Amino acid sequence: MRKGLLTFATVGLLATGSLAACGDDSGGNDQAGSGQTAKIGVILPDSKSSARWEGADRKFLEEAFKAADVQYDIQNAQGDKTQFQTIADQMITSGVTVLMIVNLDSGTGKAVLDKAKSQGVATIDYDRLTLGGSAEYYVSFDNVAVGKLQGEGLVKCLTDKNVKSPAVAYLNGSPTDNNATLFKSGYDSVLKPKFDSKEYTKAADDAVPDWDNAQAATIFEQQLTKTGGKIDGVLAANDGLGNAAISILKKNKLNGRVPVTGQDATPEGLQNILAGDQCMTVYKAVKEEAKAASDLAIGLAKGERKETGQTVKDPEGGRDVPSVLLTPKAIYKETVKDVIADGYVTKDEVCTEAYAKLCTDAGIS
């Protein structure tokens with residue numbers, strides 16, 4: 001990782017590798033005091049809402065578990081809540097000693113976490129906090145900060161285009177994902193004052209069920225129709241939703257004229273930025289997130305309890321959950337190269353033939 005590109009949100013937590021252990025390290029692959037073989041289960045949410053889950057999270061988690069020589073099982077629920085629970089049951093039955101989940105919603109996630117806890121399995125919320133849940137740790141990014149960067153990004157792009165009295169449409173994430181609520185809190189903190197002062201107008205405000213990109217395209221097309229084409233900026237909660245909006249803007253020959261935000265720094269999102277169809281994205285260095293989560297999971301598997309130095313309040317359960325929150329970074333055309341240099345995506349993924357010259361112009365070598 002390039003130094004300076006990503007830092008922890010908490011000063012007291014200097015590096016995931018230096019998390020302070022509170023328990024005894026038993027060594028080897030046995031869970032301390034239990035005689036069980038250490039085995040870590042991970043349930044990812046889907047592969048269609050974002051390319052990150054299979055393209056980044058799985059890869060970096062596997063690398064960490066292999067390096068630690070612990071058994072692991074990573075599966076993807078593919079957006080199916082029943083399958084999510086089935087996978088969890090199978091993992092618990094197979095003898096996982098630690099279960100890490102990215103919930104599809106808090107209800108399903110809580111049921112899985114509670115069952116794991118009742119079976120003596122340690123648990124971690126990865127990327128999404130399960131409201132009312134019982135996870136021993138929560139590892140994610142500062143998601144309010146993610147949304148704030150999106151709001152600031154849209155303001156910057158509208159200002160750069162000298163748009164007067166812009167009408168802004170929201171394409172929010174899934175209403176069942178607590179992260180989507182946090183993102184919206186972040187960008188509302190930037191944009192609501194502008195709506196209140198009448199400097200900006202809110203043209204539309206819709207959530208996209210399950211982060212479904214096809215539904216996002218339909219929703220945005222309806223937004224554009226209802227406003228008579230009067231949308232000057234789109235606050236899209238991630239790159240997939242942003243690309244859905246861009247596809248409709250292209251149909252109406254408005255792409256490049258209407259700034260669109262994003263998140264996740266996917267190859268497609270970065271290509272849209274290089275082409276001028278998307279104004280910015282938010283880069284979350286998944287490698288660091290996976291490192292922090294895997295360090296905690298490996299520690300739990302070996303009977304260690306590590307101090308994270310910070311907590312997050314579960315608004316539903318009222319619990320202070322030991323947490324690691326990482327700091328996101330806004331990415332514009334001139335900094336697309338930073339994401340590639342950081343190893344999150346490759347030049348080959350972004351700089352395909354159609355984007356080769358744009359990459360060269362952006363200083364990607």
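Side chains included, hydrogens not; waters and symmetry mates left out as well; all remaining heavy atoms used. Only a predicted model underlies this, so the values are computations on that prediction, with no experimental measurement involved.
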Do K192 and D188 pass the salt bridge (Lys or Arg N to Asp or Glu O under 4.0 Å) test, and can you show the C-alpha distance, the side-chain angles, and the key distance before you say yes or no?
CA-CA 5 Å; K192 188 176 183 299; D188 269 343; over 6 Å; no
Listed partners of Y187 passing ring pair (Phe, Tyr, Trp, His ring centres under 6.0 Å), at least two apart:
Y170
Any donor-acceptor pair under 3.5 Å linking the side chain of Q271 with the backbone of V350?
yes
Is it the case that the side chains of K164 and N162 hold a donor-acceptor pair, with the cut-off being a distance below 3.5 Å and no angle test?
yes
Could you tell me whether the side chain of N252 and the main chain of I248 form a donor-acceptor pair under 3.5 Å?
yes
Can any side-chain N or O of T308 pair as donor or acceptor with the backbone N or O of Q310 at less than 3.5 Å?
yes
Would you confirm whether D142, through its side chain, and T327, through its main-chain N or O, come within 3.5 Å as a donor-acceptor pair?
no
For A236, is there any backbone N or O sitting under 3.5 Å from a side-chain donor or acceptor partner on T261?
yes
Check whether any side-chain N or O of T281 sits under 3.5 Å from a backbone N or O of Q263 as a donor-acceptor pair, and report yes or no.
yes
Please give me the minimum heavy-atom distance between Q150 and N238, naming the atom from each residue.
NE2-N, 4.5 Å
Modelled atom types, side-chain donor and acceptor of D210 and Q215, under 3.5 Å:
no
Do V144 and V190 sit in the same hydrophobic cluster, where Ile, Leu, Val, Met, Phe, Trp and Tyr count as joined when their side-chain heavy atoms come under 4.5 Å apart?
no
Hey, any chance I331 and L274 share a hydrophobic cluster, counting ILVMFWY side chains that come within less than 4.5 Å of each other, even indirectly?
yes
Any donor-acceptor N/O pair, S185 side chain to T181 backbone, under 3.5 Å
no
Given the rule that I, L, V, M, F, W and Y join up when any side-chain heavy atoms are under 4.5 Å apart, are Y137 and L182 in one cluster?
no
Residue pair N243 / N272, side-chain donor-acceptor N/O under 3.5 Å:
yes
Have T108 and D105 got a donor and an acceptor in their side chains that come within less than 3.5 Å?
yes
Audit row: S140, E289, side-chain contact (heavy atoms from CB on, under 4.5 Å) steps and yes/no:
CA-CA 6 Å; S140 189; E289 185 182 18; 4.2 Å; yes
List the residues meeting disulfide bond (SG atoms under 2.5 Å apart) with C351, not counting sequence neighbours, and say none if there are none.
C359
Set of residues satisfying ring pair (Phe, Tyr, Trp, His ring centres under 6.0 Å) with respect to F65, sequence neighbours excluded:
Y72
Keeping R128 on the side-chain end and D177 on the backbone end, is there a donor-acceptor pair under 3.5 Å?
no
Evaluate the criterion side-chain contact (heavy atoms from CB on, under 4.5 Å) for residue pair V168 and K202; output intermediate values, then yes/no.
CA-CA 5 Å; V168 173; K202 185 185 284 187; 5.9 Å; no
Gap separating the CH2 atom of W53 from the CG atom of L61, nearest 0.5 angstrom:
10.0 Å
Charged N to carboxylate O under 4.0 angstrom, K39 versus D73?
no
Kindly determine whether E268 and D239 satisfy side-chain contact (heavy atoms from CB on, under 4.5 Å), including the steps that lead there.
CA-CA 8 Å; E268 182 178 65; D239 288 347; 5.9 Å; no
Does the side chain of V155 reach to within under 4.5 Å of the side chain of Y200, using non-hydrogen atoms?
yes
Which distance, rounded to the nearest 0.5 Å, do you find between the CD of E136 and the CD1 of I124?
8.0 Å
Does K287 pair with D342 as a salt bridge, N-O distance under 4.0 Å?
no
Ignoring hydrogens and angles, state whether a donor on the side chain of S50 or D264 is under 3.5 Å from an acceptor on the partner side chain.
yes
So that I can tick it off, tell me whether E304 and K306 are bridged by a salt bridge, with the cut-off set at under 4.0 angstrom between side-chain N and carboxylate O.
yes
Kindly determine whether D127 and R52 satisfy salt bridge (Lys or Arg N to Asp or Glu O under 4.0 Å), including the steps that lead there.
CA-CA 12 Å; D127 199 71; R52 63 165 285 190; 3.1 Å; yes
Cut-off 3.5 Å, side chains only: do N103 and D125 have a donor facing an acceptor?
no
Scanning both residues in full, the closest heavy-atom pair of A116 with T123 reads CB-CG2, 3.6 Å
Is there a donor-acceptor pair closer than 3.5 Å between any side-chain N or O of N213 and the backbone N or O of K48?
yes
Do Y126 and D57 pair up side chain to side chain, a donor and an acceptor below 3.5 Å, judged on atom types alone?
yes
Any side-chain to backbone donor/acceptor pair from T176 onto S174? Under 3.5 Å, distance only.
no
Assess whether side-chain contact (heavy atoms from CB on, under 4.5 Å) is satisfied between L44 and I74, documenting all intermediate values.
CA-CA 7 Å; L44 299 175; I74 302 176; 4.0 Å; yes
Please evaluate residues K230 and D232 with respect to the criterion salt bridge (Lys or Arg N to Asp or Glu O under 4.0 Å), reporting the C-alpha separation (whole Å), side-chain torsions for both, the decisive distance (0.1 Å), and the verdict.
CA-CA 6 Å; K230 176 57 177 171; D232 301 302; 2.8 Å; yes
